[in-house]
Amino acid sequence: MAVNGSGDGHKRLPVYDESELTYEHPLYGAMLSVPGLSVGVTSIDAILNWGVMNSLWVFPMATSCCGIELMAAAASRVDLDRMGTIVRATPRQAEVMVIAGTITVKMAPRVKALWDQMPEPKWAIAMGSCAISGDFYRNLYAVVPGIDTVLPVDVYVPGCPPNPEALMHGLLRLKEKVALRRAGKLPPRDDRPDRLQVTKPSVARFLDPARDPAIDEQQVESALHATDTDRSDEPAAGEERASAEPPEPIASSQPSDLEALLRDEFGVAETAPKDGAPVVAVERHVALARRLRGMGYEIFTYVVATHFPEKTGKAPAPERFELAYAVRSVGKGSKVASWRLKLAPGEAAPSLVGVYAGADWQEREQWDLVGVRFAGHPDLRRIMMPENWDGHPLRKDYPADKACPPWR
Amino acid sequence: MNATSAIIHGAVYGTIICVVILTGIAVAIWFERKFAGRMQSRLGPTMTGPVGLLQPFADVVKLLQKEDIVPRDADRGLFDLAPPLAAIASLGAAAVVPWSPKIIAADLDVGVVFVLAIGGLMVVPTFMAGWASNNKFALIGAMRAVAQSVSYGVPLVLATMVPVVLAGSLSVSGIVGWQAQHHWFALWPIIPGLPAFLLYYLAMLAESNRIPFDIPEAESELVAGITTEYTGAKFTLFYMAEYVHTMVGSAVASALFFGGWDGPFRPGLHWMVLKTLLIFASVYWVRWSLVRFRSDQLMALCWKRLTPIGLGLVFVAAAFVQFWPGGAR
Amino acid sequence: MEMSARVERAVMTMNEPQVVTVQYQSAVRGNVDPHLSIRHYDPEADMMLLHFGPQHPSTHGVFRMDLHLDGEIVVKATPYVGYLHRAVEKLCEKLSYVQQTPIVDKNDYVAPMTNEQALNMAFEKLLNVEVPRRARWMRTLFAELQRIASHLLALGTFSIDLGGALGGGSTLFIHTFRERELILDLFEEVTGMRFHYNTHTIGGQRHDLPAGFDKKVHAALDIIESRIPEYAKMTVDNAIFKDRTVGVGVLDGKLALELGITGPILRASGVDHDLRRDAPYSAYDELVPRVRVETAGDCYARTRVRFDEVTDSIALCRKAIDGMPEGPINGYKPIRQPTMAKATSGQVYVGIETPRGELGTFVVAGGDTPTSPHRLKIRSPSLHALAAIPYIMPGATVSDAVAILGSLDPIMGEVDR
């Protein structure tokens, strides 16, 4: 368990100016100003601190695996309620934000907004390696390398995921930290007593003096408009989305041999190529899907786009995209029927939404991540990445560790 | 008793009763957390004070210190007014509850009407809070709360009418006194006494927003319902008002249906407290066992089942008074 | 019904003369157009837009729905995913075949065992590796134990959705978690981890079963089985629970098939389809599971299927541990270095039945490095399940929306990858 902070003279950023953050209830100031009362302030202070220490309510910022362990910590084996910790669903009534799980660039502005909504005094616990440093997703385009680039973290609970017991331990360490909150003269977050094993934050980026202040402004800006970035129900100006064509009824037909069907009806020369599924002509592809659905292949299984970058040298090959489709039959002896399309760069594949409703999201995903267009898709917009994202990350020429200001 | 002495009597007992109830609420919160813990094979609070007894006090001390956030677009006046109003409305009903033959803040002749009226007032701060927060979850919670309180007011009134008809008095202490002389209404007449109690109990759960009727603050749906935007001290007032409402509701139930301070061996305060706490505990027993209804199912249950039953019970009570030998006054 | 009429009014389109009908409780494809913009809905309906998520107590992670409400009735629901997009597929392209197992563990973090299994089975098919019989039986045992744990968690979180974290829901939740811990303890004994086990490798298993494991499995299963009637009382046999779930969120079997929904949700919609029986893998050709099918397609049927599958899996686990064959647990050469598994060409797909449905791995081998895939796609059942939301949400109330989402049991790590 490590506690954040060090006194090595980093320049403070305006976003988290500690002098502003150290919240003091107006009553507290009033009590200090009354001469007679100031004698009793120490004991009153002890009582006030005791109250905070023993009633740390948690706001679960649970995104992934660690969230399950957070739930397990509230369950009967560990029972956070023993130390008076209950889980509140609203940030307005919690002291401790437990960031449990990976924070992505799409989620980070929301986390920041929720953190800003929590009333002082408040603390943050980074639970698990992803929240601490990004873990093995650290150097990937989509993930924030540690939540301490977004908000000040007080206690780090390492593990992947940490045991529920470890979270309990983290909360107990936080309790120690709270106890020292008002020791002496309201210590700033930096002046941490040695006995709490002061370590540096795992990611110094946030405190880096070389960091461009414009990035911080962007951070604040995006936190203020957390949910506006991808309200994509409305089409962009000037672009009217094609409405979905009503699905034509699909004639059911007797199941026949797949290879024979491909060879005889769809003119596929090679029905079982070595390097994958048979390749179907782009214009015959929707007809094939209709035919297959009529034959009992009713489950839409997947569509995968693959980017083959241009190759020079011994075996030169132009840049192209390949789409692999698969559908599955229902019931006993379930089989997968798969086929491929080969596309030139910029060429659109006919959409299967009219045949299988499940193709909707799958094609959106391939458009988002690989950048293959689907002609006739009623709602082709990004699904995984934020709407304003630049580029298609699963292309081979896209760097895996691409920076996304302000979050990485 | 002249006016001045009545005022002094009311002020003194009122203060004592308020203090005792509020302290009792703290213990009740501790009790509920321990009780829920045991139901869930957990321990509940153990670290704060002996067996965690000081936990509610720590919570209150902490909540009072929290930063007071008022959303920018909130209706400031209503937002600030709602929590104290909720606390007043929930505590007000305790004024006419006879804790013993002597301990009663104000022995009104129309005590039952007073209890119902003040209890019904709870809906006002609830809706104020939901509306003023300018939060959609809070607004939905407030809409649900109003629909629920207004609807369940009807079976609540009908259920309380049964002891009123049987005892022929609108004064709570009068009803208790009548029960002490004759028999408890939940024991005799079994019909309509016991069904009326059950009806009252269900309506009370709904009025005080307890599971299975806690849809106004259904936290799995509406985050925290009407209190979503409330922090610190204001949240504390709402939090306590809820418990006080349940506690006073239990006290009224034990007065109206279980003979209040009357009991075998030595009648007195202890019987009233014991009965109140038992009913209070049962509310939490129900709370930690059931899932909640949906709002339209709640309305259907109220208007299609409970209200006709309540009407029927009032008629049965009237018939009992009229025709049962010795039932008539 | 009055509610139904209000929804009908709200979705009256401006452009077209006829009324687009949204049935109150069910909506098959054709009645609901998920792509119809809210601008085309009745402008006088005075609807409210409720942002539900991405951080909400019952979105099961970070998932967002934009609910357009008329009163409390959902008129249009637009789901948004991607808040947990961690670029797993890109990472897998960077790592070698033997390094990827711990990565996919984190996808479906409620059932990591089956993630590992799906990935490694695809690699085995790609590299033509035969898995020894004991390893296949162990995989079956782990998958079924994982199914029990996953369904218990689904049951618990679903009851929290219905009953709240401060109420009866949490009581059941904590009880199911208590039993889930027993299974995690078993896994911890084998692999050393509570979850994220990293125990499947190409060709078999990394860790053999410890001595006396069968007794512990039996003991844990006995305890879980003895507590099932208790759960039944609080859920599937409970009157309020039934009120909240019967007839809510009806998903048509045909639409479910078309959307690619598999697993318990599909079986609850009356389609008899289970890859364990229909396309057997591992040891399911010898340990044939019983397939539970419900016809209603509502939240209750989905819960019922999961509930009954717990009982079935307990029986299956008992058979698997009793008949566990002896022999080697890995049919591939021992792993010495990360780059030892090589494939120059080929595309394979393997799908298995996880607690949530068909989890598949599609691998394109070759590319620049023979030791890592050129493209790896994980077909996640939860993504397909969430695609049903625009079709089944309209007509439900906000309370129902929570119940429907809970009964779909999505795991966002798997949805977004």
Side-chain angles (χ1 to χ4, degrees), chain A residues 20-29 31 44-57 59-60 72-96 114 116-122 164 168 171-172 175 178 181-182 224 227, chain B residues 29-30 32-49 51-72 74 133 135 137-138 141 217-236 238-239:
Chain A
E20 281 177 22
L21 281 189
T22 316
Y23 175 77
E24 199 180 88
H25 198 279
L27 266 180
Y28 190 78
M31 279 194 298
I44 291 172
D45 196 38
I47 291 171
L48 293 181
N49 224 2
W50 169 83
V52 179
M53 252 170 65
N54 286 301
S55 164
L56 295 169
W57 290 2
F59 175 68
S76 55
R77 194 178 279 195
V78 174
D79 188 15
L80 289 181
D81 199 18
R82 278 186 295 158
M83 57 178 290
T85 295
I86 55 177
V87 177
R88 292 297 303 181
T90 163
R92 297 279 194 221
Q93 291 145 18
E95 280 76 46
V96 188
L114 286 163
D116 290 344
Q117 286 177 17
M118 282 171 66
E120 291 280 347
K122 61 186 171 186
M168 183 91 174
L171 275 164
L172 290 171
K175 209 168 147 178
V178 175
R181 185 172 61 124
R182 284 198 180 130
L224 287 175
T227 49
Chain B
I29 292 173
W30 168 83
E32 189 201 353
R33 283 172 78 167
K34 287 302 248 190
F35 185 70
R38 291 294 168 174
M39 278 186 77
Q40 302 176 344
S41 54
R42 300 187 284 120
L43 289 175
T46 56
M47 295 187 190
T48 317
V51 290
L53 252 174
L54 297 179
Q55 189 58 55
F57 297 98
D59 286 344
V60 170
V61 167
K62 179 216 58 182
L63 281 167
L64 291 180
Q65 295 178 68
K66 293 289 279 184
E67 185 182 3
D68 181 30
I69 296 179
V70 180
R72 190 190 61 202
S133 297
N135 177 309
F137 290 114
E217 52 186 306
E219 72 287 317
S220 61
E221 297 153 24
L222 302 181
V223 186
I226 50 162
T227 58
T228 303
E229 293 287 354
Y230 279 94
T231 63
K234 291 174 194 164
F235 170 69
T236 317
F238 265 118
Y239 190 61

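Side-chain atoms are counted along with the backbone in the values below, which use heavy atoms only and exclude waters and symmetry mates. Protein chains get the first letters and strands the later ones, always in sequence-line order, with residue 1 at the start of each.
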A:E95 CD to B:Q65 CD distance, which is reported to the nearest 0.5 Å: 9.5 Å
Rounded to the nearest 0.5 Å, what separates atom CE in B:M47 from atom CG in A:D81? 10.0 Å
So which atom in A:I86 and which in B:R33 form the shortest heavy-atom distance, rounded to 0.1 Å? CG2-NH2, 3.4 Å
Would a 4.5 Å heavy-atom cut-off, applied to side chains only, mark A:P119 and B:D68 as touching? no
Contact origin within A:Q117 toward chain B - heavy atom pairs under 4.5 Å: backbone
Which region of A:M118, side chain (C-beta onward) or backbone (N, CA, C, O), has a non-hydrogen atom less than 4.5 Å from a non-hydrogen atom of chain B, or is it both or neither? backbone
Heavy-atom closest pair (B:S41 atom, A:S76 atom, distance to 0.1 Å) is O-CB, 3.1 Å
Could you tell me which residues satisfy side-chain contact (heavy atoms from CB on, under 4.5 Å) with B:Y239, sequence neighbours excluded, listed by chain and number? B:I29, B:F235, B:Y243
Contacting region of A:R77 [heavy-atom separation from chain B under 4.5 Å]: neither
Heavy-atom closest pair (A:N54 atom, B:A58 atom, distance to 0.1 Å) is CB-CB, 4.0 Å
Heavy-atom closest pair, residues A:T90 and B:T228: OG1-O, 3.0 Å
Where on B:Q40 is there a heavy atom nearer than 4.5 Å to chain A: the side chain, the backbone, both, or neither? backbone
Does B:K62 qualify as a cation-pi partner of A:W57, given the criterion of NZ or CZ under 6.0 Å from the six-membered ring centre and within 45 degrees of its axis? yes
Beyond-backbone contact of A:R92 with B:P71, side-chain heavy atoms, under 4.5 angstrom: yes
Quick one: closest heavy-atom pair of B:R42 and A:A74, and the distance? CD-O, 3.9 Å
Taking B:G44's backbone N and O only, do any of them form a donor-acceptor pair with A:D79's side chain (distance below 3.5 Å, no angle check)? yes
Could you list the residues that satisfy side-chain contact (heavy atoms from CB on, under 4.5 Å) with B:T46, not counting sequence neighbours? A:R82, B:K34, B:L43
Taking every heavy atom of B:V61 against every heavy atom of A:G51, the minimum-distance pair comes out as CG1-CA, 3.8 Å
Separation between CG (A:L56) and CG (B:D59), nearest 0.5 Å, reads 10.0 Å
Contact between B:L54 and A:W50 at the side-chain level, heavy atoms closer than 4.5 Å - yes or no? yes
Nearest-0.5 Å distance, CD of residue A:Q93 to OG1 of residue B:T227: 4.5 Å
